[in-house]
Amino acid sequence: MTLRTKLLVAFTLTVLGATGLLTWGVTQYVRQEFDASDRQRSEALAAQFQREFALRGEEVANRVQDIADAEGTLRMALDLGRPQADFSLYAGDARGLAATHRLDFLELVANGVLISSAQYPAQIGNQNDWVAGVSGWNQSSAFLRPVDLPDGAQLALTAVRDVHAGSSDLYIIGGRRVDADFLRTFVSPPGMRVLLYPNLQPSSDPAVHPEAIIGAEGPVSNAERFAPLLESAAQPGTSEDTIQWSEDPASAERFLAVPLAGRKNEPLATLLIGSQQKDYAILASRIRALALVIAGAATLLSIFLGWWISARIARPLARLETAARQIADGRVIDGRIAGAKPAAPLPARSRDEVGRAARAFNAMARKLSEQSRQSQEAERAVARREIARRLAHEVKERLFPLQVAVENLRRSREQSPESSGESLLDSLATLSAELEKLKGTVARFSNFAKMPAPRLQPLSANDAVRAALKAFEPQFNAIGRPPVTPELFLNERLDCIAADPQLLSKALESLLYRSLDSMPAGGTLAIRTAQDGGLVRIEVSDTGVGLTPEETARLFTPYYVVGAQASGLGLATVQSVVTEHGGKISAESVPGAGTTFRIEFPAAPEIPDPGLPADEPSARPARRASPQWAEQESETAAPSRIGA
């Protein structure tokens with residue numbers, strides 16, 4: 001992943017993450033505020049219900065008190081206190097009194113016996129000890145109480161008053177229904193409603209029955225959804241829960257459950273105050289939509305800013321990379337190295353970090369160029385001294401036999417002029433032979449100095465290896481020497497290289513010749529080709545005598561010889577050919593284990609060279625072994641010490 005891509009991704013993820021985090025934070029804050037507002041409104045409605053409930057209870061208590069204070073009630077109490085009083089005379093009074101005082105329920109109890117009932121006459125005559133066992137009814141307020149009816153129990157807001165006459169007590173028990181009609185009298189704010197769950201099941205049935213929930217409009221649909229809330233409301237304190245009525249988030253409704261207790265604090269009902277979440281759902285949806293719009297706009301802006309900033313950063317880095325590659329390829333900025341390709345310096349107009357880095361790089365590149373120039377001049381000076389020394393040595397070796405022959409000829413002429421004919425012939429033969437050797441030495445120096453420029457064309461490294469190896473087939477099993485086994489490991493998927501077929505063949509033949517000379521006792525010659533990225537590699541390995549590290553380090557030095565070698569131009573020429581092709585050569589050797597030469601060329605597209613004749617073959621045809629270089633080097637070479 002490039003730096004520009006990383007910056008774009010980082011900017012985009014940062015903006016999206018910040019937008020998402022902000023949206024989540026705003027949504028959570030709005031949720032908390034809505035929850036707090038709903039809780040306040042629900043608690044306020046619950047407090048209002050409690051106040052209204054108390055007012056209704058006070059109203060019921062006043063109506064029951066009016067009945068107790070009536071003169072007829074006092075006479076009834078006195079009459080019922082006489083011995084053998086007839087209770088049946090008052091069996092229907094409760095119904096009339098209830099209608100007169102607008103009470104839904106009314107019971108008259110004398111001495112613990114129900115003597116009249118407006119809602120359930122069939123119970124007249126039953127014992128009613130719960131009211132007689134409590135004193136102080138006249139000071140008590142109204143309370144919740146389940147009232148038995150022919151068709152079941154009904155929750156009622158009840159008040160009790162005691163009329164004492166003589167030795168008897170007459171209890172008036174009156175109340176009003178707590179049902180849908182009762183709930184309709186309460187005015188709820190918009191978006192809120194009040195439900196009531198009367199818990200009138202016997203204690204032997206602890207399960208909740210949500211179907212008993214009633215509202216101002218009557219029974220509630222989908223009442224089973226209230227079961228978890230009712231179960232949690234059975235515990236002391238208020239409970240809260242949100243019910244999602246459908247998949248639409250706007251259908252959610254939040255409920256506050258307030259328990260309602262009876263006279264003995266027994267749970268008789270649960271008040272459910274609901275608050276619709278439609279407003280929050282709409283607001284949250286708008287927040288998300290706005291966040292998406294902001295995220296989209298911010299993403300586009302971040303992409304633009306990321307592209308702009310990355311361009312400001314990546315473009316100088318790309319120029320720096322290009323300049324570094326040019327410097328690595330041997331180009332120079334100041335052009336002071338002869339034959340080196342020029343490289344453009346990095347622009348350093350800005351005064352920021354990029355400008356300072358560009359100026360530092362240019363300074364480093366100029367310093368490297370100067371060091372390279374000085375190093376090349378030093379190497380050339382060393383090479384010239386070495387060539388001069390070697391040339392002087394070669395000429396001196398050839399002049400010494402010439403001097404001896406001339407001295408012999410002069411001495412023979414002075415001592416015995418008449419018999420100098422035979423000595424003259426011998427001396428002339430010696431002079432001719434040594435002159436030919438001197439001529440060969442001069443020719444080798446001339447060939448090395450006049451190395452032709454390569455004519456590059458697309459070439460298969462495998463074809464070049466096969467052509468060079470075929471020229472040495474007669475020497476692998478030559479009569480009079482141990483056999484050498486060639487092994488080929490060629491990668492058939494190699495890219496082509498840009499090379500001169502003739503020069504590359506000469507270089508490979510020189511390496512093969514040295515490998516054969518390094519195996520006087522026979523062995524294995526392995527040639528491998530491979531590709532690593534944009535590099536095509538050729539390896540030539542032998543199992544010969546090998547070289548020491550010191551000999552390996554100086555192996556490519558011009559005119560460096562090992563033992564009794566000749567001029568030593570072969571490997572220097574190979575290195576020159578490889579370098580001219582833009583490649584590099586290296587050697588690895590272990591004494592007694594063999595040597596490996598490794599050549600690497602840059603891969604090249606298969607594009608024909610316009611300057612090369614179209615009918616010129618891509619590789620040289622196989623030719624005889626011992627090429628000119630090898631012949632020149634092998635005149636006085638010691639094969640047992642030459643490593644490839």
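If you're wondering where the values come from, they're calculated on a predicted model, not measured in any experiment.
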For the pair Thr242 and Arg254, evaluate side-chain hydrogen bond (donor to acceptor under 3.5 Å, both in side chains) and give the outcome as yes or no after the intermediate values. CA-CA 4 Å; Thr242 301; Arg254 190 173 187 85; 2.9 Å; yes
Side-chain donor-acceptor contacts of residues 181-193 below 3.5 Å, not counting sequence neighbours, with atom names and distances?
{"from": "Asp181", "atom 1": "OD1", "to": "Arg184", "atom 2": "NH1", "distance (Å)": "2.1"}
{"from": "Arg184", "atom 1": "NE", "to": "Ala216", "atom 2": "O", "distance (Å)": "2.7"}
{"from": "Arg184", "atom 1": "NH2", "to": "Ala216", "atom 2": "O", "distance (Å)": "3.3"}
{"from": "Thr185", "atom 1": "OG1", "to": "Arg56", "atom 2": "NH1", "distance (Å)": "2.8"}
{"from": "Thr185", "atom 1": "OG1", "to": "Arg56", "atom 2": "NH2", "distance (Å)": "2.9"}
{"from": "Thr185", "atom 1": "OG1", "to": "Phe182", "atom 2": "O", "distance (Å)": "2.5"}
{"from": "Arg193", "atom 1": "NE", "to": "Glu253", "atom 2": "OE2", "distance (Å)": "2.9"}
{"from": "Arg193", "atom 1": "NH2", "to": "Glu253", "atom 2": "OE1", "distance (Å)": "3.0"}

Donor-acceptor contact below 3.5 Å, side chain Ser37 vs main chain Glu33: no
Any donor and acceptor pair, going by atom type alone, linking the side chain of Ser116 with main-chain N or O of Glu107 inside 3.5 Å? no
salt_bridge(Asp35, Arg39) N-O dist < 4.0 Å: no
Before accepting this row, confirm whether a basic side-chain N of the pair Asp66/Arg63 lies closer than 4.0 Å to the acidic partner's carboxylate O. no
Can you tell me how far [atom2] of [Y] sits from [atom1] of [X], rounded to the nearest 0.5 angstrom?
{"X": "Tyr197", "Y": "Leu268", "atom1": "OH", "atom2": "CG", "result": "11.5 Å"}
{"X": "Leu149", "Y": "Gln123", "atom1": "CG", "atom2": "CD", "result": "9.0 Å"}
{"X": "Ile287", "Y": "Ile294", "atom1": "CD1", "atom2": "CD1", "result": "10.5 Å"}
{"X": "Glu52", "Y": "Glu59", "atom1": "CD", "atom2": "CD", "result": "10.5 Å"}
{"X": "Asn111", "Y": "Tyr171", "atom1": "CG", "atom2": "OH", "result": "8.5 Å"}

If you count every heavy atom of other residues, nucleotides or ligands that lies below 6.0 Å from [X] atom [atom1], does the total exceed 12?
{"X": "Trp24", "atom1": "CH2", "answer": "no"}
{"X": "Gln28", "atom1": "CD", "answer": "yes"}
{"X": "Arg95", "atom1": "CZ", "answer": "no"}
{"X": "Phe304", "atom1": "CZ", "answer": "no"}

Side-chain atoms of residues 155-166: list all donor-acceptor pairs with protein atoms under 3.5 Å, sequence neighbours left out, distances to 0.1 Å.
{"from": "Arg161", "atom 1": "NE", "to": "Gln65", "atom 2": "OE1", "distance (Å)": "2.6"}
{"from": "Arg161", "atom 1": "NH1", "to": "Trp137", "atom 2": "O", "distance (Å)": "2.9"}
{"from": "Arg161", "atom 1": "NH1", "to": "Ser140", "atom 2": "O", "distance (Å)": "3.2"}
{"from": "Arg161", "atom 1": "NH2", "to": "Ser140", "atom 2": "O", "distance (Å)": "3.3"}
{"from": "His164", "atom 1": "ND1", "to": "Ser168", "atom 2": "O", "distance (Å)": "3.4"}
{"from": "His164", "atom 1": "ND1", "to": "Asp169", "atom 2": "OD1", "distance (Å)": "2.6"}
{"from": "His164", "atom 1": "NE2", "to": "Gly166", "atom 2": "O", "distance (Å)": "2.9"}

Partner of Thr23 by side-chain contact (heavy atoms from CB on, under 4.5 Å), out of Val26, Thr27, Leu21: Thr27
Residue pair Ala110 / Leu80: nearest heavy atoms and the distance that separates them: CB-CD1, 3.9 Å
Does Gln154 form a side-chain hydrogen bond (donor to acceptor under 3.5 Å, both in side chains) with Gln119? I'd like the steps, not just the answer. CA-CA 11 Å; Gln154 175 67 53; Gln119 71 275 7; over 6 Å; no
Which is it for Arg31 and Gln277 under the side-chain hydrogen bond (donor to acceptor under 3.5 Å, both in side chains) test, yes or no, and what are the steps along the way? CA-CA 10 Å; Arg31 173 79 270 179; Gln277 304 296 297; 2.4 Å; yes
As a quick check of understanding, evaluate side-chain hydrogen bond (donor to acceptor under 3.5 Å, both in side chains) for Ser88 and Asp86, giving each step before the final call. CA-CA 6 Å; Ser88 62; Asp86 187 4; 2.6 Å; yes
Can you check whether Gln244 reaches Ser251 side chain to side chain, under 4.5 Å on heavy atoms? yes
Between Tyr120 and Phe105, does the ring centroid distance fall short of 6.0 Å? no
Counting only pairs under 3.5 Å, give me each side-chain donor-acceptor contact of residues 258-265, with atom names and distances, residues two or more places apart or in other chains.
none

